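One structure is given below, encoded as structure tokens.
Bear in mind the structure is a predicted one, so any value in this text is a computation, not a measurement. Each chain gets a letter, A, B and so on, in the order its sequence line appears, and its residues count up from 1.
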There are 2 protein chains.
Amino acid sequence: MGTALQRTITQLRSEDREFFQIAISVDCVIFGFDKNELKVLLIKSDLEEFNNQWSLLGDLVRPDENLDTASYRVLKHRTGLDDVYLEQVYTFGEVSRHPAGRVISTAYYSLINIKDHQPMLTDNELHWHPVNEIANLAFDHKTILDTCLERLQSKIEEHPIVFNLLPEKFSLRELQNLYEAILGVKMDRRNFRKKFFLMNWLEDMNELEQDVPHRPGKLYRFNAARFSNGKKTQTPVPVL
Amino acid sequence: MGTALQRTITQLRSEDREFFQIAISVDCVIFGFDKNELKVLLIKSDLEEFNNQWSLLGDLVRPDENLDTASYRVLKHRTGLDDVYLEQVYTFGEVSRHPAGRVISTAYYSLINIKDHQPMLTDNELHWHPVNEIANLAFDHKTILDTCLERLQSKIEEHPIVFNLLPEKFSLRELQNLYEAILGVKMDRRNFRKKFFLMNWLEDMNELEQDVPHRPGKLYRFNAARFSNGKKTQTPVPVL
DNA sequence: TCAAAAGTGTTGTTTCTACACCCATGG
DNA sequence: CCATGGGTGTAGAAACAACACTTTTGA
């Protein structure tokens with residue numbers, strides 16, 4: 001009862017050529033945070049069918065390239081950044097999702113500090129768009145964006161990843177603005193501070209904000225070493 | 001600055017043939033629940049490299065077939081069941097994950113009522129294995145299984161999907177055994193009952209268990225209409 | 001001195017956890 | 001009558017939500 005998948009490579013190549021008609025791509029939802037808005041990096045589609053529409057950054061996966069590697073490559077190519085937070089979310093495989101043929105796409109999102117990336121903005125095909133203002137995109141990219149945003153929203157409830165969107169030093173106000181922008185809710189300032197200090201993720205830099213027209217706030221940085229000291233550490237013990 | 005992905009189909013086919021060297025497959029982690037154990041349906045691998053090892057059920061995706069459709073096809077083929085709960089989890093794309101060549105695989109898990117499937121067990125290559133007793137599998141299938149189990153564990157914390165693993169009528173004890181098997185924890189009976197009645201997902205059938213050597217428990221069924229009447233209904237209102 | 005945001009504690013509510021006794025059935 | 005699991009309520013702890021005033025800075 002063997003399937004094509006279970007045969008050896010020689011057999012696969014000779015008998016099952018019909019299966020090698022699907023291309024695979026990665027699409028990256030690159031999030032940034034600026035002016036208290038969550039933004040995403042988009043490019044003008046140069047495909048005729050989607051003239052003047054924006055699309056996510058993506059590329060075909062090479063035959064000798066891991067999926068993750070392909071995303072890192074796209075990211076590096078478009079932002080110049082290495083070593084960024086990247087997470088696979090979902091694979092979109094509708095037969096008709098791409099007008100150029102059968103292309104299955106695996107979606108990733110990444111979080112970058114928008115300031116680090118400024119120089120690449122000279123490429124005038126690339127722009128940061130406020131996530132809230134995006135009504136539609138080329139291909140099924142709006143769906144991909146929505147899916148990645150939902151994943152991001154649930155992820156930050158438990159994991160300290162938003163720091164990737166901020167400069168090394170930040171104030172609690174900036175951190176709260178960021179959470180509010182991602183989750184689309186307003187939060188109570190006092191409860192927010194309490195919660196974060198309890199988590200024990202922050203290290204006080206003993207520095208103050210500069211050039212603010214009001215009382216300056218303290219600056220903190222994320223202390224990864226403290227992560228896992230928070231309250232969510234009691235992993236349930238398997239019963240068997 | 002166009003990439004291969006952005007060209008038209010004619011161009012893609014002629015210039016980028018190198019990209020059509022990757023096959024895509026789906027692998028299904030089919031969960032069942034029997035004798036108070038969570039089980040998964042496996043097949044003996046008939047690939048030489050993995051002689052005598054068990055593997056998940058999967059197949060190559062056809063060029064004109066949606067990803068989800070391919071999973072349903074595999075499921076139908078192996079269990080005879082239609083209309084089952086199915087959820088995509090993750091796509092495994094390591095270059096070397098399959099000895100027969102470059103095969104990227106999208107993993108799904110599904111939940112079925114093991115009783116509905118009994119007849120197909122005549123196929124002696126197919127067996128239900130207790131999830132806790134699986135040490136390794138062919139390919140990277142152990143990783144896939146682990147990933148799907150983790151997803152299942154987090155999913156059931158919020159969503160009423162475990163009912164797919166039970167017969168239509170079940171006792172609260174069975175339901176609790178199922179949660180305990182999936183999560184690998186022991187729970188307090190009184191608190192468990194309280195929580196479920198609060199959720200309001202259950203409909204009392206006014207029937208009792210039969211043929212039990214002790215006081216019979218009431219039977220319930222999942223009432224989908226009541227879902228969303230539970231407490232988790234207050235969706236946060238976006239601020240913008 | 002004014003405007004603007006920083007910083008700080010307490011109280012009530014809800015949720016979660018731990019825990020023990022009587023009941024109904026089959027054997 | 002015994003063994004087995006069904007069925008039930010309460011009290012303490014922890015987490016969460018709501019809320020107002022004083023402080024510091026720049027203009």
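For the pair A:Lys218 NZ and D:dT25 P, the computed distance is 13 Å after rounding to whole Å. We find that CZ of B:Arg190 is positioned 16 Å from P of D:dG12, with the value rounded to whole Å. Computed from coordinates, the B:Glu209 CD to D:dT4 P distance equals 16 Å when rounded to whole Å. To the nearest angstrom, C1' of C:dC16 lies 13 Å from CE of B:Met187. As rounded to whole Å, 19 Å separates atom C1' of C:dT8 from atom NZ of A:Lys195.
Of all nucleotides listed (D:dT25, C:dT8, D:dG9), D:dT25 comes nearest to the side chain of A:His214. In this structure, the nucleotide among D:dT23, C:dG9, C:dC23 sitting nearest to the side chain of B:Arg215 is C:dC23. Among the nucleotides C:dA6, D:dG9, C:dT25, the one closest to any side-chain atom of A:Arg173 is C:dA6.
For B:Arg189 against D:dG5, a side-chain-to-base donor-acceptor contact under 3.5 Å is absent. Residue-to-nucleotide contacts include a donor-acceptor pair under 3.5 Å from the side chain of B:Lys194 to the base of D:dT10.
Under the 6.0 Å cut-off for aromatic ring centres, A:His127 and A:Trp54 qualify, their centroids lying closer than that. Checked against a 6.0 Å centroid threshold, the rings of B:Tyr90 and A:Tyr90 do not count as neighbours.
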